[in-house]
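A quick write-up on the structure given underneath.
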2 protein chains.
Amino acid sequence: MNYSRQREIILNTLKEYVVHPTAESLYSKIKEKDPKISLATLYRNLNQLADNGIIKKIDGLEDSAHYDHNTGEHYHFICKKCKRVFDVKPDVAPDLIRKTEDSTGFLIENHDVVFSGVCKDCRESVSN
Amino acid sequence: MNYSRQREIILNTLKEYVVHPTAESLYSKIKEKDPKISLATLYRNLNQLADNGIIKKIDGLEDSAHYDHNTGEHYHFICKKCKRVFDVKPDVAPDLIRKTEDSTGFLIENHDVVFSGVCKDCRESVSN
DNA sequence: TATAAAATAAGAATTACTATCAGTTATGGT
DNA sequence: ACCATAACTGATAGTAATTCTTATTTTATA
């Protein structure tokens, strides 16, 4: 991977998020910094960064993928009301990989745990 | 939900699978029984059956959704070589929901656990 | 600094799925 | 059995997210 100004902007912008944006929502933030950047460039780079293990692509949430700059072991939760994606600590499922490899005989290369429901903020806000 | 011949064919055909097909692959099997059935009818019914808890839609696997007639608690594994989707028993992550609700304060309505890697058959077959 | 490899912008194309709609079928009351 | 109406169907157009194509520009290396 060679250096590119666009890729640097993309990665830095992603790192500003604590929740995990879709490509579209990241795109609007990126365009504030470089209005000329192309949507195809964003997708190309997100895929490249994910392929190289620098970021993580989160599938299975809604219609579109979300992107996460934290590549350490953890899971995700999407709130059905506010649509934000939160992290869940991996200790809710200890030894998940080893247990699953042992019980299935499969070689596990990747895994994802995705929860959906209502986040704390939305539960506490009075209006339904 | 009223009765429909098409829906019965769709559900019965899905039940013939031990692995979990995409809409497209289910469609080719269904057309052997009823060549006139429309792809829109298939998607419409799969969604209806899933909304009514009769089947389960599995997202987050590849580009397209897979469908599972087993609605009991269990997880999934997709083989990167043969692309088949297998079941994983839920006891690899005991008390997952309760633990996650306790540690996050979120209300969890749904969850999915998806593994990918190489299945037993593909590991054992000599050719890479 | 020449050159080859990698990256870009812009827009067309693709994929998986959903919406629309006119015609058909199922169901419940009479 | 007959009818009203609600649910369902096939065909096809439409959509959203993402990928592909191509001509041009950047970056890394000799």
Side-chain angles (χ1 to χ4, degrees), chain A residues 1-14 17 20-68 76 78 83 85 112 114, chain B residues 1-14 17 20-68 76 78 83 85 112 114:
Chain A
M1 255 200 314
N2 282 346
Y3 171 84
S4 95
R5 188 180 51 83
Q6 289 85 342
R7 183 155 47 234
E8 181 160 59
I9 293 174
I10 289 167
L11 185 55
N12 286 339
T13 308
L14 183 57
Y17 284 84
H20 314 316
T22 60
E24 278 299 338
S25 96
L26 188 55
Y27 190 51
S28 27
K29 198 149 200 175
I30 282 169
K31 276 203 295 195
E32 293 170 13
K33 301 180 185 175
D34 177 358
K36 304 298 291 296
I37 208 163
S38 159
L39 183 58
T41 298
L42 173 59
Y43 275 107
R44 202 181 331 102
N45 279 290
L46 287 172
N47 283 336
Q48 262 179 111
L49 291 165
D51 288 347
N52 286 279
I54 298 162
I55 66 170
K56 199 163 158 37
K57 184 174 180 177
I58 317 167
D59 287 313
L61 285 176
E62 298 173 284
D63 297 327
S64 39
H66 292 244
Y67 298 88
D68 186 350
H76 293 103
I78 185 167
K83 304 291 180 194
V85 175
D112 273 300
V114 171
Chain B
M1 257 202 312
N2 282 346
Y3 170 84
S4 96
R5 189 180 52 83
Q6 289 87 342
R7 183 154 48 233
E8 180 160 57
I9 292 174
I10 289 166
L11 185 55
N12 286 338
T13 308
L14 183 58
Y17 285 82
H20 314 314
T22 61
E24 278 300 337
S25 96
L26 188 55
Y27 190 50
S28 25
K29 198 151 202 175
I30 282 168
K31 275 205 292 195
E32 294 170 12
K33 301 179 186 175
D34 177 356
K36 304 299 289 296
I37 207 163
S38 161
L39 183 60
T41 299
L42 174 59
Y43 275 108
R44 206 178 324 106
N45 278 289
L46 288 171
N47 283 335
Q48 261 179 113
L49 290 166
D51 288 347
N52 286 278
I54 298 163
I55 68 171
K56 199 163 158 35
K57 185 174 182 177
I58 316 167
D59 288 312
L61 285 176
E62 298 174 283
D63 298 327
S64 38
H66 292 245
Y67 297 88
D68 186 351
H76 292 103
I78 185 166
K83 304 291 181 194
V85 175
D112 275 299
V114 171

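Just so you know, these numbers use all the heavy atoms, side chains as well, and skip hydrogens, waters and symmetry mates. Here the structure is a predicted model, which means the values were calculated and not measured.
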Determine the minimum heavy-atom distance between [X] and [Y], stating which atoms define it.
X: L39(A); Y: Y27(A); answer: N-OH, 3.3 Å
X: K57(A); Y: N47(A); answer: NZ-OD1, 3.6 Å
X: Y67(B); Y: T22(B); answer: CD1-C, 4.5 Å
X: L46(B); Y: A23(B); answer: CD1-CB, 4.1 Å
X: T41(A); Y: I37(A); answer: CG2-CG1, 4.3 Å

Within the pair [X] and [N], is there a side-chain N or O less than 4.0 Å away from OP1 or OP2?
X: N47(A); N: dT19(D); value: yes
X: R5(A); N: dT26(D); value: no
X: Q48(B); N: dA7(D); value: no
X: Y43(A); N: dT18(D); value: yes

### Query
Picking from N12(A), T13(A), L14(A), what satisfies side chain to side chain contact (heavy atoms under 4.5 Å, CB included) with I30(A)?
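Only match with I30(A) under side chain to side chain contact (heavy atoms under 4.5 Å, CB included): T13(A).
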So what does [X] touch, heavy atoms closer than 4.0 Å: a base, only the sugar-phosphate, or nothing?
X: I37(A); answer: sugar-phosphate
X: E24(B); answer: nothing
X: A40(A); answer: base
X: E62(B); answer: nothing

Rounded off to whole Å, could you give me the [atom1]-to-[atom2] distance for the [X] and [N] pair?
X: L26(A); N: dT18(D); atom1: CG; atom2: C1'; value: 15 Å
X: D63(B); N: dA17(D); atom1: CG; atom2: C1'; value: 11 Å
X: L39(B); N: dG14(D); atom1: CG; atom2: C1'; value: 14 Å
X: L42(A); N: dT19(D); atom1: CG; atom2: P; value: 11 Å
X: L46(B); N: dC8(D); atom1: CG; atom2: P; value: 14 Å
X: N2(B); N: dA4(D); atom1: CG; atom2: P; value: 18 Å
X: Y27(B); N: dT9(D); atom1: OH; atom2: C1'; value: 12 Å
X: M1(A); N: dT26(D); atom1: CE; atom2: C1'; value: 16 Å

### Query
Is D68(A) close to H76(A) at the side-chain level, that is, under 4.5 Å between some pair of heavy atoms?
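In contact.
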### Task
Compare all side-chain heavy atoms of D112(B) with those of K56(B) and state whether any distance is below 4.5 angstrom.
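Result yes, sub-4.5 Å side-chain heavy-atom pair found.
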### Message
Going 5' to 3' along DNA chain C, which are the first and last nucleotides with any atom under 4.0 Å from a heavy atom of chain A?
### Response
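Answer, 5' to 3': dA6(C) to dG11(C).
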#### Entry: Residue mapping more 5' on DNA chain C - nearest nucleotide basis, N45(A) or S64(B)
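It is N45(A), whose closest nucleotide lies nearer the 5' terminus.
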### Query
Nearest nucleotide by nearest heavy atom, which residue falls closer to the 5' end of DNA chain C, S4(B) or R44(A)?
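Going by which nucleotide is closer to the 5' end, it is R44(A).
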